[in-house]
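Atoms within a ligand are numbered from 1 in the order they appear, just like the ligands themselves. The first residue of the sequence shown is numbered 1, and numbering continues consecutively from there. Keep in mind that the numbers below use all heavy atoms, side chains included, and drop hydrogens, waters and symmetry copies.
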Amino acid sequence: MVSFEVIEQQTKPFDGQKPGTSGLRKKVKVFQQEHYLANFVQSSFNALPADRVKGSTIVVSGDGRYYSKDAIQIIIRIAAANGVAQVWVGQDGLLSTPAVSGIIRDRVGSKGEKAYGGFILTASHNAGGPDEDFGIKYNTENGGPALEALTDQIYENTKTITTYLIAEGIPDIDIHKIATSSFSGPSGPFSVEVFDATEDYVKMMKQIFDFEAISRLLARPDFTFCYDALHGVAGVYAKRIFLQELGAQESSLLNCTPKEDFGGGHPDPNLTYAKQLVKTMGLGSPVPEEIPEFGAAADGDADRNMILGKKFFVTPSDSVAIIAANAVGAIPYFRNGLKGVARSMPTSAALDVVAKGLGLRQFEVPTGWKFFGNLMDAGMCSICGEESFGTGSDHIREKDGIWAVLAWLSILAYRNRDVAADDKLVTVEDIVTLHWGIYGRHYYTRYDYENVDAGAAKNLMSHLVKLQSNLTAVNKIIKETRPEVSGVKSGDEFEYKDPVDGSVSSHQGIRFLFKDGSRLVFRLSGTGSVGATIRLYIEQYQSDKSKTGADASETLAPLVDVALVLSKMEEFTGRSAPTVIT
Ligand code: VG1
Ligand code: CO
């Protein structure tokens, strides 16, 4: 057996290794600096209890973006040197974010061991390649992203780090081959197990959903399907699940081969970046002659999803509400009812209306999946979602892109279970329209101003906070801008007190709440790698069932005007239009 030694490597702190909404994300070039990644990984180990790290099993993998392969080898050596007994790596270093969460929670090793945590190597929906983004985040024993107390400690450690431990004598592991490599180090044996990336995840999905019912739907001649992985890691799972398990046609899959640079695009499943799918589904031009009944896409690490019907876009806020409303009948995992539902603050209140209708507990948390974890661990929440194309449930502690697609396919299968082959199929659009008919519609849009000057963004936010102390002035501006818009009844900076552990998260976005239930929310993104991104969320509720079929951008235009005037968007940022509208 190959043996290794532990070296104590001298290093100096790097500025700005503060994990954001979902881990540390920087340009690849930044991560490639000598010691940069090692500092962060050692700082993470230093933030964990040493007695738990010793002898533990740690998962390391990600969405396969550029620099992942190098990063995996570095992390393996640092883990070994810190006394970790075993590292689990998905084949080719690929594991989707939801798969890692499931593996940490459920996978049992050959000696009965379970994982203590994992490093997920992804910058999610950010572009990849030598000049683009890399990212890393640590997930804890419950399978969820590290909570703020831990990420704050990691950050503190990065500011004072002087040395890190690294194993010398461990050769590069062949992560393409499914095999276990064993070594012996000063504190005992160490091994790296490379395993099939999909097996555990597929097993989990089969326990949650009725695969036979979904296969029957996919086999219907009047049902057609299309899935776009945008060259992210979802492709690996899509091939296995949609083709092998559910019998979809190979031609249904777009961009399902993972690439280090995502084929040069943004692996972000929205109407702007998922261009090919959007066109295929008849939402672009020219409109194709034949359009699939159902389309979906994922982001780089496969935790996000976009759901489309024929020429029809389902907003993520509606999607989670509709899944919650249909879950008990359509998805076996929820057969015994839902424990509660939750959404992030900027997500529309469509889910609240469902919760009220079904008599369910409902929670509003800050942006970022980590906030759902405590609720789920405490058995208070079954289904949750974010407006940013994130949907999921308590089967794991991350959002889950493939799960969301299977949830929609389950709902479609359920609604069509008694529809004969020659009768009209119940479509995605039918399901959404019927939902609005029962619960009303939350017209919703999000404007992103990407890569704005960081100082300008900060000034805009402080301007808005100041404005909130004078609602009379706010309402005067509204009257002058768009008299048809209702007045503001309150404004605040969102603060969340976790009902489980009592921890408080402040400054989670600026809200203007209108008398008619409309909302404007402003926040700064915590996932970008350069400059600042301002997000503006716009929502208006229409309870009149006869008025739910209007065009969203027309309906929201007056509120948008008000938002731009109140925030002095152009004055502060020099931008007359957003980079992305969803
Ligand atoms: C964005 C989204 C947020 C999501 C986060 C991570 O954060 O708004 O809802 O949880 O990305 O998603 P921000 O701080 O940029 O608004 V992913 O798919 O990057 O792990
Ligand atoms: Co993601």
Quick one: report the N, O or S atom of Asp303 that is nearest to the Co ion (ligand 2).
->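 Closest to the Co ion (ligand 2) among those atoms: OD1.
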
Identity of the N, O or S atom of Asp301 lying closest to the Co ion (ligand 2) |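 For Asp301, the N, O or S atom at the smallest distance from the Co ion (ligand 2) is OD1.
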
Any N or O of Arg304 closer than 3.5 Å to N or O of ligand 1 |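 Between Arg304 and ligand 1 (N or O atoms, distance only) the closest approach is under 3.5 Å.
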
Would you say Leu524 and ligand 1 have an N/O pair spaced under 3.5 Å apart?
->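 By distance alone, the answer is no.
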
Compute the ring centroids of His231 and Phe262, then answer whether they are less than 6.0 Å apart.
->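 No, too far apart.
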
Where the Co ion (ligand 2) is the centre, what is the OD2-to-OG angle for Asp299 and Ser124, rounded to 10°?
->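 Angle OD2(Asp299)-the Co ion (ligand 2)-OG(Ser124): 90°, rounded to 10°.
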
Looking at OG1 of Thr582 and CE of Met306, how far apart are the two atoms once the value is rounded to the nearest 0.5 Å?
->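 With rounding to 0.5 Å, OG1 (Thr582) is 10.0 Å from CE (Met306).
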
Shortest non-hydrogen separation from Cys226 to Leu254 and the atoms involved |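 The answer is SG-CD1, 3.7 Å.
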
So is [X] touching ligand 1 or not, going by heavy atoms under 4.0 Å?
X	value
Glu450	no
Ser344	no
Glu398	no

Below a 4.0 angstrom heavy-atom separation, can you tell me which part of [X], side chain or backbone, both or neither, approaches ligand 1?
X	result
Ser388	side chain
Lys137	neither
Thr533	neither

Ser344 and Trp369: side-chain hydrogen bond (donor to acceptor under 3.5 Å, both in side chains), yes or no, with the steps?
-> CA-CA 8 Å; Ser344 66; Trp369 210 261; over 6 Å; no

Between Phe371 and Tyr496, how do the two ring planes meet: parallel, tilted or perpendicular, split at 30° and 60°?
->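 Perpendicular, since the angle between the ring planes exceeds 60°.
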
What's the verdict on ring pair (Phe, Tyr, Trp, His ring centres under 6.0 Å) for Tyr237 and Tyr201, showing C-alpha distance, side-chain angles and the deciding distance?
-> CA-CA 8 Å; Tyr237 298 87; Tyr201 184 79; 5.2 Å; yes

Options Arg535, Glu386, Glu387, Arg446, ranked by nearest heavy atom to atom 4 (C) of ligand 1, top entry =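 Nearest option to atom 4 (C) of ligand 1, by heavy atoms: Glu386.
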
Within the stated cut-off of 2.8 Å, is an N/O/S atom of Asp63 closer than that to the Co ion (ligand 2)?
->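 Of the N, O and S atoms in Asp63, none lies under 2.8 Å from the Co ion (ligand 2), which means no.
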
Tell me, please, which residues at least two apart from Lys18 pass side chain to side chain donor-acceptor pair (under 3.5 Å).
->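 Expected list: none.
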
